[in-house]
Amino acid sequence: QLFAYMHSFGKMHYKKLISAYEYLPIEFFNVSTNIIDWGCGQAMATMVYLEYLESKAINQTINQIKLIEPSVIAIKRGALHIKKFKKNISTITINKDLDSIANKDLSQNKSNTNLHLFSNIIDIDFFSLHQLLEKIETNYKGVNYFVCVSPYITDTKTNRIDNFVSHFNKFETTNIKRIDNQKGEWKGNGDWTRVVRIFKTKIE
């Protein structure tokens with residue numbers, strides 16, 4: 001089962017993603033979307049999302065999945081996982097780090113809503129947050145949903161995530177969910193943590 005497969009990647013991270021997707025509003029599932037999985041690794045965030053839709057019997061139209069990841073081994077595995085799970089979804093791989101992505105890499109069907117997945121990535125400071133925000137603004141005009149999920153590490157790391165979120169306040173933005181759980185404040189064996197930010201914005 002996919003559930004067992006996902007658990008091999010870490011029960012806490014799996015539960016963190018599932019708990020985040022549960023806060024996406026029902027109206028989002030009624031529109032077609034593109035998925036952009038930033039720093040995707042083996043595409044766990046996308047796979048868990050697809051499994052979430054299946055578990056809830058939600059038949060959302062996904063036009064395209066874009067995987068962005070610097071590790072060629074990880075991104076190939078991620079694309080293979082998606083192909084085995086959903087053969088009919090167009091999957092594009094971008095084998096680059098976030099600073100190296102060009103605007104042409106991000107071109108997409110602008111008629112669709114976009115779902116951006118940031119799983120254990122924004123709080124890592126090996127890339128330029130400013131450049132990333134510029135690329136998102138330039139290439140994803142219209143309605144965008146963001147699901148940002150990370151462990152709690154330090155307040156400084158969490159602040160980087162909040163700076164990312166607050167950047168979009170200049171647009172028509174709705175903050176859907178904010179969760180901060182340090183050790184002992186969530187489930188698991190007492191050492192599970194999570195930082196979750198979910199929001200919708202209309203980039204103009």
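As the structure is a computational prediction, the values presented were derived from the model and not from experiment.
Within a 6.0 Å radius of CD in Glu172, no more than 12 heavy atoms belonging to other residues, nucleotides or ligands are found.
The two atoms that bring Ile203 and Glu137 nearest to each other are CG2-O, 3.7 Å, heavy atoms only. Closest of all the heavy-atom pairs between Phe85 and Leu50 is CE2-CB, 3.2 Å. For the pair Arg160 and Phe127, the tightest heavy-atom approach, listed with the atom from each and the gap, is NH2-O, 2.9 Å. The minimum heavy-atom distance between Ile75 and Ile94, with the atom names listed, is CD1-O, 3.4 Å. The shortest heavy-atom contact between Ile65 and Ile62 is CG1-CG2, 3.9 Å. For the residue pair Ala20 and Ile198, the shortest heavy atom distance occurs at O-CD1, 3.1 Å.
Atom CD1 of Ile35 is separated from atom CD1 of Ile82 by 7.5 Å, given to the nearest 0.5 angstrom. With rounding to the nearest 0.5 Å, the separation of CD1 in Ile121 from CD1 in Ile161 is 10.5 Å. One distance of note links CG of Leu17 with CZ of Arg194; it measures 11.0 Å at 0.5 Å rounding. The structure places CG of Asn95 at 10.0 Å from OG of Ser100, a figure rounded to the nearest 0.5 Å. To the nearest 0.5 Å, atoms CG (Leu98) and CZ (Phe126) are separated by 6.0 Å. A distance of 9.5 Å separates NZ of Lys84 from CE of Met47, quoted to the nearest 0.5 Å.
Distance alone, capped at 3.5 Å, is enough to place a donor-acceptor pair between the Thr33 side chain and the Thr113 backbone. When atom types are taken as modelled, the side chain of Glu69 and the backbone of Gly41 share a donor-acceptor pair closer than 3.5 angstrom. Within the 3.5 Å criterion, the main-chain N or O of Asp155 finds a donor-acceptor partner in the side chain of Tyr152. Between the Asn103 side chain and the Asn139 main chain, no donor and acceptor come within less than 3.5 Å of each other. Panel note: side chain Ser166, backbone Asn163; a donor-acceptor pair is recorded below 3.5 Å. Judged by distance alone, the side chain of Thr61 and the main-chain N or O of Ser32 form no donor-acceptor pair under 3.5 Å. Between the side chain of Asn144 and the main chain of Gly142, a donor-acceptor pair closer than 3.5 Å is present.
Criterion: ILVMFWY side-chain heavy atoms under 4.5 Å apart, direct or through other members. Under it, Val165 and Phe171 are part of a common hydrophobic cluster. Side-chain heavy atoms closer than 4.5 Å link hydrophobic residues (I, L, V, M, F, W, Y) into clusters, and following such links, possibly through other members, connects Val31 to Ile176. Ile89 and Leu80 fall into different hydrophobic clusters, where Ile, Leu, Val, Met, Phe, Trp and Tyr side chains are chained together by heavy-atom contacts under 4.5 Å. By the criterion of side-chain heavy atoms lying less than 4.5 angstrom apart, applied directly or through intervening Ile, Leu, Val, Met, Phe, Trp or Tyr residues, Ile153 is not grouped with Val195; the two fall into different hydrophobic clusters.
Gln60 is linked by a side chain to side chain donor-acceptor pair (under 3.5 Å) to Tyr49, counting only residues two or more places apart in sequence or in another chain. Scanning for side chain to side chain donor-acceptor pair (under 3.5 Å) contacts around Ser90 gives an empty result, with sequence neighbours left out.
With Thr201 as reference, Thr173 is the one residue of Asn175, Thr174, Asn169, Thr173 to meet the side-chain hydrogen bond (donor to acceptor under 3.5 Å, both in side chains) rule. Partner of His116 under the ring-ring contact (aromatic ring centres under 6.0 Å, His included) criterion, chosen from Phe199, Tyr145, Tyr140: Tyr140.
Ring planes of Phe168 and Phe164: perpendicular class, angle over 60° (limits at 30 and 60°).
A 4.5 Å side-chain heavy-atom check between Tyr21 and Lys56 finds every atom pair outside the cut-off. In this structure, Phe28 and Leu115 have side chains that are in contact, with non-hydrogen atoms separated by less than 4.5 Å. Under the 4.5 Å side-chain criterion, counting only non-hydrogen atoms from C-beta, Asn114 is not in contact with Lys141.
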Practice problem: Walk me through it: do His13 and Ser119 pass the test side chain to side chain donor-acceptor pair (under 3.5 Å)? | Solution: CA-CA 9 Å; His13 191 44; Ser119 175; 2.7 Å; yes
Practice problem: Report the C-alpha distance between Thr138 and Leu106 in whole Å, list the side-chain angles of each, state the deciding distance to 0.1 Å, and finish with yes or no for side chain to side chain contact (heavy atoms under 4.5 Å, CB included). | Solution: CA-CA 9 Å; Thr138 299; Leu106 301 176; over 6 Å; no
Quiz item: Does the side chain to side chain contact (heavy atoms under 4.5 Å, CB included) test come out yes or no for Trp38 and Leu132, once each step is laid out?
Solution: CA-CA 10 Å; Trp38 301 84; Leu132 173 63; 3.5 Å; yes
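At a threshold of 4.0 Å, the pair Lys200-Glu27 does not count as salt-bridged, since none of the basic side-chain nitrogens sits closer than that to a carboxylate oxygen. Salt bridge annotation for Asp105-Lys66: absent, with no cationic side-chain nitrogen under 4.0 angstrom from a carboxylate oxygen.
Within the hydrophobic cluster formed by Ile, Leu, Val, Met, Phe, Trp and Tyr side chains joined at under 4.5 Å, directly or through other members, Val72 is accompanied by Ile73.
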